[in-house]
Number of protein chains: 2
Amino acid sequence: MHLLDYFLNIHFKRSQGCFAIFGFLDCPMKKKEKITIHDIAMEVGVTASTVSRALNNHPRISPATKKMVLEAAKAINYKPNRIAAALRHGKSKLIGIIVPTINRNFFSSIVRGIEEYANARDYKVMISQSYDDYKKEVETIDALLDARVDGIMVSLGKNTHSFAHFESVIQKGIPLVFFDRTTDELDVNQVIIDDYSAAYQATNHLIDQGYRHIAHFTSHMKIKIYLERLRGYRQALLDNGIHFDAKMVVESNMQLDGGRNSARFLLDQSFGFDAIFSASDYAIVGALQELKKNKVKIPQEVGLIGFSNEPFTEFTEPALSTVDQKAISIGENTAALFFEMINGDPRPKPRIKKVLDANLIIRTSSSRIPNIQLNTNSTNPE
Amino acid sequence: MHLLDYFLNIHFKRSQGCFAIFGFLDCPMKKKEKITIHDIAMEVGVTASTVSRALNNHPRISPATKKMVLEAAKAINYKPNRIAAALRHGKSKLIGIIVPTINRNFFSSIVRGIEEYANARDYKVMISQSYDDYKKEVETIDALLDARVDGIMVSLGKNTHSFAHFESVIQKGIPLVFFDRTTDELDVNQVIIDDYSAAYQATNHLIDQGYRHIAHFTSHMKIKIYLERLRGYRQALLDNGIHFDAKMVVESNMQLDGGRNSARFLLDQSFGFDAIFSASDYAIVGALQELKKNKVKIPQEVGLIGFSNEPFTEFTEPALSTVDQKAISIGENTAALFFEMINGDPRPKPRIKKVLDANLIIRTSSSRIPNIQLNTNSTNPE
DNA sequence: TTGAAAGCGGTACCAA
DNA sequence: TTGGTACCGCTTTCAA
């Protein structure tokens, strides 16, 4: 394998000293500093206004001069100054995004969706993280306003139970869109997935697999997605003639440790359970660890299903069933909504609410029927 | 559990119709549009220049007027227009960051480090993702230049083997800093961890645990971090009197599937192996899956260690040893370097290279000594 | 179809 | 210490 030796050698050689690859680096004479539309105007022999029109394909310009301007611009490597343009027509062509944390596949995928949609329309995106901290979220709104963004897209932090900081955004007439973690306490357009239906399907799937004592892991009910998931879970139980028992609903921070504790709690209780539907993937992994530590067999004895389709749900043993939230699609729809708002009615009378469908992903952690068809340790065989 | 019923009820009530919480939403009369320093000047009875000085705590201003201006500004809820300021003094107070993908704990933590350091200094951050796509990286540089950022911080994409797109950044005199995935082919300041030493330690740890036939998973050698990790691995072997065998170095995309394939490859070969040091956590998870599928016992038969301390390395069974790269610290140092550059010499003669130490995290996947002290199935007992 | 000129909201120089 | 003013680069009316 010569290649390896080659690279190893290269390295040693390089360590001896630094190459000056670009001669112009230390070159004292500078290039022409800044190129503006006036330079182009000079070049072509017209005025700056004409150049501006040519560059922004304004209707009132002759094809001939337009062509000349465009060519000259390319020739002298002109780059428009968006800041100047922004100052002039009061549009920064910047979109601010606030997510609890970008360090989640779900959120980063949404951001990707927004980004691609926006970039295609010559808008840039500014990402901020609230870290689920209310104070930070308030500050961030302020920072984005400071940066004069043209619109703000927010997924609310877990601890955000007051919404006064969005008033100034609304008041300034800056388009505001909520996605995923939203609230109904504010009259704001939003893009969400059908959490209710997804939770219903997930619970139903567990029931199909013969589980009957299904616990639910959730977080604060002030956050709508958790309320919706609880409602879906509850309805699925009721529709299958299973008693909804509030004792089976365990609230936590929905992190790894929260999941562990919640599982611990269930194990310690006397009422028994044979499945968990968690509103978070992190919590279900915590539960998985705790259950395995206690020699509980998954999915034979307890079925598990999470929420969000985080990449690691594929890595666990067994692989975890979960709900895919079509993050990219949420992002695209959120961005699309923003563009609808700036092009049409910025604050439509009945608020717009886009509800997307989620996808149930069935993996091993909730599948006991295929291989153990006869195992009927549940009390209510179908 | 009344609380649940409470929330469930609330929901149903709310579904009936939308509340108009903020009366002013549909209020036809608008608030005062934009508040500028001229408004303050008018209010206080001075000129705009004086207001500007007061706001930017310029030395040449009397405490009395300064106080009046500040109070007036607060009273009429003035917000400075950064765009106008940016246009005037040619500084956007924006920093551009390019990472391959933000959807990695490592990168998002770095970004967090940069963000906090920069925000504390009144700079904002613009995050872009290259998705390891060379073309996208080039475009993104252009987009950031377009946005007139004051500096750019980059972690190179996996497929970036040409660096011409950074020339224009350097040429424009915009501070450029590379972090983590860097190159020496460009004379640019950089912040990296000591990959060589970290790899050395990791390999050494495996040897300490009695493993002797240690394979290495790597990616393209053009990326310096992989070269360094390979070098550390190699040196650790040599220093322990173990033959370095290029056959044991397996190259892949370092994703989950790459790891699976590489493990498959090792299993298919005749030369045997009893440990893997992977330069990526994703690849080592892939290997773990493949090995488990083949009933290989971890860590008894094969020891594993990854790189990056991704959160999921804690979730696997067994938990994976890995290398923590102190991402936040990388971020802070990268930002600090930027501020050194804008305050002092933007392109110091000998390039600055900050090298941070990494942390070996030992978990179950590489620990067989504690419990199986007597198991000496290796040929070279220490 | 093109040009002239007035700003967008701050900043910074020069003069007072 | 303050005021007057030109200007950053681009957009956009109004006139020609």
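This one's a predicted model, so the numbers in the text were calculated from it and none came from an experiment. By convention in this document, chain letters (A, B, ...) are assigned in the order of the sequence lines, proteins followed by strands, and residues within each chain are numbered from 1.
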Angle by which the axis turns from one end of the helix from C:dT1-D:dA16 to C:dA16-D:dT1 to the other, five pairs per end, to 10 degrees: 40°

D:dG9 P sits how many Å from A:Ile35 CD1, rounded? 12 Å

What pairs of donor and acceptor atoms, side-chain ones from residues 65-72 of chain A against any protein atom, are under 3.5 angstrom apart with sequence neighbours left out?
{"residue": "A:Thr65", "atom": "OG1", "partner": "A:Ser62", "partner atom": "O", "Å": "3.0"}
{"residue": "A:Thr65", "atom": "OG1", "partner": "A:Ser62", "partner atom": "OG", "Å": "2.8"}

Outermost nucleotides of DNA chain C that come under 4.0 Å of a non-hydrogen atom of chain A: C:dT1 to C:dG9

Is it the case that the side chain of A:Asp39 and the backbone of A:Thr36 share a donor-acceptor pair, with hydrogens and angles ignored and the cut-off at 3.5 Å? yes

Here the residues of residues 140-151 of chain B within 4.0 Å heavy-atom distance, strictly under, of DNA chain D are none

side-chain contact (heavy atoms from CB on, under 4.5 Å) partners of A:Ser130, counting only residues at least two apart: A:Ile98, A:Pro100, A:Glu137

Which residues pass the side-chain contact (heavy atoms from CB on, under 4.5 Å) test with A:Asn159, sequence neighbours left out? A:Asp132

Using only atom types and a distance under 3.5 Å, with no angle test, would you say the side chain of B:Gln190 pairs donor to acceptor with the backbone of B:Lys353? no

Without decimals, in angstroms, what is the distance between B:Arg88 CZ and D:dT5 P? 16 Å

Contact list please: residues 45-56 of chain B against DNA chain C, heavy atoms, distance less than 4.0 Å, in numerical order. B:Ser49, B:Ser52, B:Arg53, B:Asn56

Would you please name every residue forming a side-chain contact (heavy atoms from CB on, under 4.5 Å) with B:Arg53, sequence neighbours left out? B:Ser49, B:Thr50, B:His58, B:Ile61

Suppose we screen for side-chain contact (heavy atoms from CB on, under 4.5 Å). Which residues come up paired with A:Asp133, at least two apart in sequence or across chains? A:Lys135, A:Lys136

Any donor-acceptor N/O pair under 3.5 Å between D:dC10 base and A:Arg82 side chain: no

Could you give the NE2-to-P distance, from B:His58 to D:dT2, as a whole number of Å? 11 Å

Which word best sums up how the rings of B:Tyr123 and B:Phe339 line up, parallel for under 30°, tilted for 30 to 60°, or perpendicular for over 60°? perpendicular

Check whether A:Ser155 reaches the backbone of A:Arg181 with its side chain - one donor and one acceptor, N or O, closer than 3.5 Å. yes

Given 3.5 Å as the limit, does a donor-acceptor pair link the side chain of B:Asn189 with the main chain of B:Ile352, or not? yes

Under the 3.5 angstrom rule, does the side chain of B:Arg112 hit a backbone N or O of A:Gln129 as a donor-acceptor pair? no

A:Phe178 and ring pair (Phe, Tyr, Trp, His ring centres under 6.0 Å): which single residue from A:Phe338, A:Phe163, A:Phe166 fits? A:Phe166

Is any side-chain nitrogen or oxygen of A:Tyr78 closer than 4.0 Å to OP1 or OP2 of D:dG9? no

Is the gap between the ring centers of B:His161 and B:Tyr134 under 6.0 Å? no

May I ask you to check whether over 12 heavy atoms, not counting those of A:Lys79, lie within 6.0 Å of atom NZ? yes

Sequence neighbours excluded, every pair satisfying salt bridge (Lys or Arg N to Asp or Glu O under 4.0 Å) that has a member inside residues 148-162 of chain B: none

Looking for any heavy atom pair under 4.0 Å, which part of the strands does B:Ile61 touch: base, sugar-phosphate only, or nothing? sugar-phosphate

With a 4.0 Å heavy-atom cut-off, tell me which residues in residues 65-74 of chain A come close to DNA chain C, sorted by residue number. A:Thr65

Between D:dT1, D:dC10, D:dC8, which one does the side chain of A:Ile37 approach most closely? D:dC10

Contacts under 3.5 angstrom, residues 329-337 of chain B side chains, donor-acceptor by atom type, not counting sequence neighbours:
{"residue": "B:Ser329", "atom": "OG", "partner": "B:Asn333", "partner atom": "ND2", "Å": "3.4"}
{"residue": "B:Asn333", "atom": "ND2", "partner": "B:Ser329", "partner atom": "O", "Å": "2.8"}
{"residue": "B:Thr334", "atom": "OG1", "partner": "B:Ile330", "partner atom": "O", "Å": "2.7"}

